[in-house]
Amino acid sequence: MNAQATDLYHDDHDHHGPPPGLWRWVVTTNHKDIGTLYLWFSLIMFFIGGAMALVIRTELFQPGLQVVDPHFFNQMTTLHALVMIFGVVMPAFVGLANWMLPMMVGAPDMALPRMNNWSFWILPFGFGLMLSTLFMEGGGPSAGWTLYPPLSLQTGDALPFLIFSIHLLGVSSIMGAINIIATIMNLRAPGMTFMKMPLFVWTWFITAYLLIAVMPVLAGAVTMMLTDKYFGTSFFNAAGGGDPVMFQHIFWFFGHPEVYILILPSFGLVSEIIPTFSRKKLFGYSSMVYATASIAFLSFIVWAHHMFTVGMPLAGELFFMFTTMLIAVPTGVKVFNWVSTMWKGAMTFETPMLFALGFVIMFTIGGFSGLMLAMTPIDFQYHDTYFVVAHFHYVLVPGAIFGIIAGVYYWLPKWTGNYYDETLGKVHFWLSTIFVNILFFPMHFVGLAGMPRRIPDYSVQFTDFNQIATIGAFGFGFAQILFLVLIVKCIRGGEKATDQVWEGAEGLEWTVASPPPYHTFSPQPIVK
Amino acid sequence: MKNIRRIPIVLLGLVLWAASFPAAADWQLNLTEGVTEISREVYDMHMFVLWICVAIGVIVFGAMAYSIFYHRKSKGVTPATFHESTTAELIWTIIPFLILVAMAIPAAKTLIVMEDTSDADITIKVTGHQWKWEYEYLESGIRFISNLHADSREAATLGSGIDPSSVENYLLEVDKPVVLPVGKKVRILLTASDVIHAWWLPAIAVKKDAIPGFINEMWTKIDEVGIYRGQCAELCGRDHGFMPIVVDARSESDYNDWVTAELAAAEAAASSADREWEMDELMERGEGVYATYCVACHQGNGEGIPGIFPSLVGTPMALEDIEGHVDIVLNGKEGTAMQAFANQLNDADLAAVITYERNAWGNDTGDVIQPSTIRSMKVQ
Ligand code: HEM
Ligand SMILES: [Cu+2]
Ligand SMILES: [Cu+2]
């Protein structure tokens with residue numbers, strides 16, 4: 001033990017690695033190990049959440065009830081969303097941050113390594129609690145991921161489990177966010193000023209503040225729900241002087257910044273990748289930073305656009321409509337800057353670039369439907385229909401998820417020291433892109449034609465588009481198996497990657513070896 | 001590598017493939033224009049915004065496609081070095097802002113009209129229950145509950161084997177639609193008894209939440225006689241997908257005839273509760289009431305769903321405790337999905353369904369509960 005401890009703190013980082021065996025992963029405080037844990041966790045959860053989505057899509061293949069009871073269907077939509085949001089997208093971002101932030105700012109590790117270990121290891125327990133409810137009598141939570149009372153108060157024994165698991169996930173996210181902020185504030189290499197930081201670092205920096213601001217709000221809301229259910233309070237019960245709509249306000253005060261938590265780091269990823277493969281600097285760096293900050297600020301004052309139908313006063317509806325429309329401005333700036341970065345570049349189309357381009361196009365499509373939803377009078381027609389499901393899946397799947405996948409492809413050679421199989425990567429991209437559109441585009445149509453969301457069965461005129469969507473869902477799901485295969489292949493071997501990896505890449509992470517030594521950057525590099 | 005213009009190709013593929021399907025359904029792609037002035041305004045605004053999005057999309061994706069095509073390394077280009085321009089940033093901040101203002105102004109105007117519920121000709125109150133709608137006409141006092149139609153209910157049971165396309169208006173048909181007059185401003189008050197529901201009728205572009213303990217308001221003025229269908233639009237539990245809304249819009253004189261007939265029927269129902277009822281009669285009626293009002297939770301065989309909805313078969317309450325049984329059906333149980341039926345069903349229906357529960361599925365207690373008993377227990 002003693003010998004090992006001295007070894008761990010030994011300066012000669014080329015010669016020592018982690019402690020051997022599986023125990024390494026339990027006790028590790030190394031940012032790369034923890035990053036790896038987060039990323040694998042996220043991938044596993046992606047398949048679990050995806051399997052739930054396929055249960056939903058299977059039931060929706062035809063009108064009538066064929067495979068699941070409506071009660072179970074509702075559990076699937078609820079858990080699918082919670083798993084995808086808290087178990088896939090957020091951990092994947094934290095995993096990428098763990099791996100890359102220290103390397104991008106020239107730090108030896110994250111600022112708070114032990115807390116880092118904690119914030120990962122809470123996650124499996126949090127999700128263990130949440131998913132265990134599926135096996136309880138009465139089943140898992142079924143009131144939708146938005147958990148609106150009074151419906152959520154009808155949940156059986158699953159409710160306290162769900163609430164405690166949300167507390168755990170919140171603690172984990174907050175610790176992760178504190179760590180990221182501490183790292184960026186304190187461990188930047190000499191010369192790495194704020195306005196020289198790569199955009200992925202910037203977007204995560206801002207995201208971390210959003211997390212710290214809103215995760216406690218969610219924790220508060222669900223705790224009030226817990227006391228309403230078990231300790232006789234009436235926060236959300238009109239009969240006791242409370243207000244069910246208050247929950248929605250609190251929830252969406254968390255929820256809207258949350259949706260930006262789910263997209264800002266992907267903005268950062270794409271802003272790294274497009275310049276590399278365009279062989280041209282990012283256009284409008286500082287306006288990208290300001291746009292991100294404005295989006296983050298605006299995200300706090302638009303929450304009630306999710307609640308236009310609750311019967312707000314006219315003034316409230318107008319206010320939230322105007323602020324929401326305003327978000328389109330900084331978002332547009334980002335898209336225009338990405339396109340200008342490509343303009344007159346010398347582009348190549350390796351897999352990370354393909355996913356990044358897919359991101360720009362399909363995220364923009366999701367942005368368009370978002371703009372439509374912002375208009376209160378027409379939102380009355382769209383609200384709670386499949387049009388909304390199409391909208392948020394466009395920003396989340398070919399948005400957030402494509403950003404993450406692009407990031408993984410971009411840095412996989414750096415992490416493993418091997419190039420991945422480019423052909424397989426391209427096949428993965430094309431299959432994902434084709435199927436994701438077959439999956440989600442028709443949802444716009446059925447939504448406009450009047451199909452509500454969160455229903456296990458529908459009237460027959462919606463059949464055809466639903467069948468198309470289901471086929472797309474299975475295609476998309478199976479295409480992701482290629483991703484898994486590709487990653488495993490790449491870890492096992494392949495063409496050796498150079499340190500530079502990509503011809504056009506710039507930044508500190510490309511100055512270290514591929515794969516990087518267990519401890520990067522001590523002493524710190526100097527940025528000119 | 002092919003270029004990135006795959007979206008149109010995918011879409012084209014979708015459309016071609018769609019066309020090869022048997023014409024089982026109408027491939028409705030777009031929002032309905034509806035049958036009110038407001039719904040047409042909403043439709044126009046929807047199309048306006050859609051075209052703006054398409055135009056912006058053409059510019060942005062067009063520039064991308066051009067650049068992807070011509071600014072690629074394989075064409076031997078050397079990358080330019082420009083990477084900022086304050087002018088460009090200002091242009092694409094200010095122009096989108098102006099477009100947004102152009103969109104916001106008509107939207108605000110329409111919204112103001114939509115929220116103005118004053119000067120209504122008639123007022124109806126809509127109450128959402130798990131999982132049916134109750135309608136009350138405040139002027140005439142007509143009150144009834146509108147349930148999913150029995151044919152749809154039967155077909156929409158897991159493993160029913162009934163083909164939904166053989167059911168007329170599958171999931172969009174009710175046992176009793178709301179009747180409204182055309183050409184009159186109707187104010188709709190919304191509330192709920194248990195959880196939040198949302199009342200949505202696409203043809204009139206009106207959707208609002210029905211929230212327990214609160215009353216929301218909205219209005220409509222329908223132009224054309226016809227039957228219009230919608231659904232609950234807020235997740236409200238297991239059968240959220242099974243509480244449709246059907247509005248039967250009639251001419252003013254047809255509407256008045258309907259009101260007269262309804263009032264007469266209500267009178268007749270009230271007097272029928274005064275007489276003694278036979279067991280058979282109660283059982284028959286009770287079976288129907290059960291199938292409409294209770295089956296969604298307690299299930300056709302009375303056994304409920306373990307852990308969520310209790311069984312009524314062979315339980316102490318169903319076999320012995322008559323008072324408890326009547327009490328829970330009349331008053332429901334606070335904080336659970338079991339709602340108070342005292343105001344949803346009339347005395348004869350209540351007596352019938354309780355009698356039915358005490359004698360069906362082998363519960364053969366032989367108890368007969370009379371409407372008059374219910375009436376006296378209600379008073380207590
Ligand atoms: C892998 C492919 C995916 C498929 C096939 C899929 C499919 C679906 C379907 C069919 C629904 C149910 C809609 C309804 O009944 O109302 C749904 C809901 C939802 N999905 Fe996905 N989804 C996928 C990925 C994702 C991802 C990656 C995220 C988030 C990052 C996500 C977030 C959500 C959310 C928030 C809901 C709403 C749940 C609710 O109504 O409470 N989905 N998804
Ligand atoms: Cu929002
Ligand atoms: Cu509902």
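Chain naming here is simple, since letters A, B, ... match the order of the sequence lines and numbering starts at 1 in each.
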Rounding to 0.5 Å, atoms CG (Leu357(A)) and CD1 (Ile68(B)) come to a distance of 4.5 Å
How far apart are the closest heavy atoms of Trp200(B) and Gln381(A), and which atoms are they?
NE1-OE1, 3.0 Å
What part of Asn216(B) is in contact with chain A, defined as an atom under 4.5 angstrom from a non-hydrogen atom: side chain, backbone, both or neither?
side chain
Can you tell which part of Ile112(B) gets under 4.5 Å to a heavy atom of chain A, answering side chain, backbone, both or neither?
both
Quick one, Val206(B) and Phe380(A) - any side-chain contact, counting heavy atoms below 4.5 Å?
no
Do Leu172(B) and Gln461(A) have side chains that approach each other closer than 4.5 Å (heavy atoms only, starting at C-beta)?
yes
Would you say that Pro377(A) contacts Met45(B) through its side chain, given a criterion of any heavy-atom pair below 4.5 Å between the two side chains?
yes
Just verifying a value: how many Å separate Leu318(A) CG and Leu111(B) CG, rounded to the nearest 0.5 Å?
5.0 Å
Considering only heavy atoms, which portion of Ser152(B) lies under 4.5 Å from any heavy atom of chain A: side chain, backbone, both, or neither?
neither
Can you measure from CG (Leu314(A)) to CE (Met114(B)) and round to the nearest 0.5 angstrom?
11.5 Å
Compare every heavy atom of Ala238(A) with every heavy atom of Pro212(B), then report the nearest pair and how far apart it is.
O-CB, 3.5 Å
To the nearest 0.5 Å, what is the distance between OH on Tyr148(A) and CD1 on Ile196(B)?
7.5 Å
Given side chains that start at C-beta, do those of Asn169(B) and Ser459(A) come closer than 4.5 Å, heavy atoms only?
no
Which bit of Ala63(B) is near chain A, if near means a heavy-atom gap under 4.5 Å: side chain, backbone, both or neither?
both
Between Ile305(B), Leu171(B), Leu158(B), which residue shows the highest count of heavy-atom pairs closer than 4.5 Å to chain A?
Leu158(B)
Please report the closest heavy-atom contact between Pro244(A) and Ile211(B), naming both atoms and the distance.
CG-CG2, 3.6 Å
Under 4.5 Å heavy-atom distance to chain B, tell me which part of Met375(A) shows up: side chain, backbone, both or neither.
side chain
Specify the closest pair of heavy atoms between Arg454(A) and Glu234(B), including all atoms of both residues, with the distance to one decimal.
NH1-OE2, 4.1 Å
Which atoms of Pro63(A) are under 4.5 Å from chain B, going by heavy atoms: the side chain, the backbone, both sets, or neither?
both
On a heavy-atom basis, which atom in Phe322(A) and which in Ala108(B) lie closest, and how many Å separate them?
CZ-CB, 4.2 Å
Is the shortest heavy-atom distance from the side chain of Gln154(A) to the side chain of Gln130(B) under 4.5 Å?
yes
Hey, does Asp243(A) have a side-chain heavy atom less than 4.5 Å from the side chain of Phe214(B)?
yes
Whatever's closer than 4.5 Å to a heavy atom in chain B on Leu151(A) counts as both
If you round to the nearest 0.5 Å, how far is CG of Leu371(A) from CG of Leu100(B)?
6.0 Å
Is the NZ or CZ atom of Lys280(A) positioned over Phe82(B)'s six-membered ring, under 6.0 angstrom from the centre and within 45° of the axis?
yes
Whatever's closer than 4.5 Å to a heavy atom in chain A on Ile59(B) counts as neither
Mind telling me whether Phe336(A) and Trp92(B) have parallel, tilted or perpendicular rings, with 30° and 60° as the class edges?
tilted
For the atom pair CZ (Arg238(B)) and CZ (Phe72(A)), what is the distance rounded to the nearest 0.5 Å?
13.5 Å
Can you check whether Ile308(B) reaches His71(A) side chain to side chain, under 4.5 Å on heavy atoms?
yes
What part of Leu190(B) lies closer than 4.5 angstrom to a heavy atom of chain A: side chain, backbone, both or neither?
neither
4.5 Å side-chain heavy-atom contact, Phe283(A) and Glu89(B):
yes
The interface call for Val245(A) against chain B, heavy-atom contacts under 4.5 Å, is side chain
Would you call Lys281(A)-Glu84(B) a salt bridge at under 4.0 Å N-O?
no
Check each atom of Met218(B) against the heavy atoms of chain A and say whether the ones under 4.5 Å are side chain, backbone, both or neither.
neither
If you compare all heavy atoms of Asp457(A) against all heavy atoms of Ala156(B), which two are closest, and at what distance to 0.1 Å?
OD2-CB, 3.8 Å
Against chain A, label Phe242(B) side chain, backbone, both or neither, depending on which of its atoms sit under 4.5 Å from a heavy atom there.
side chain
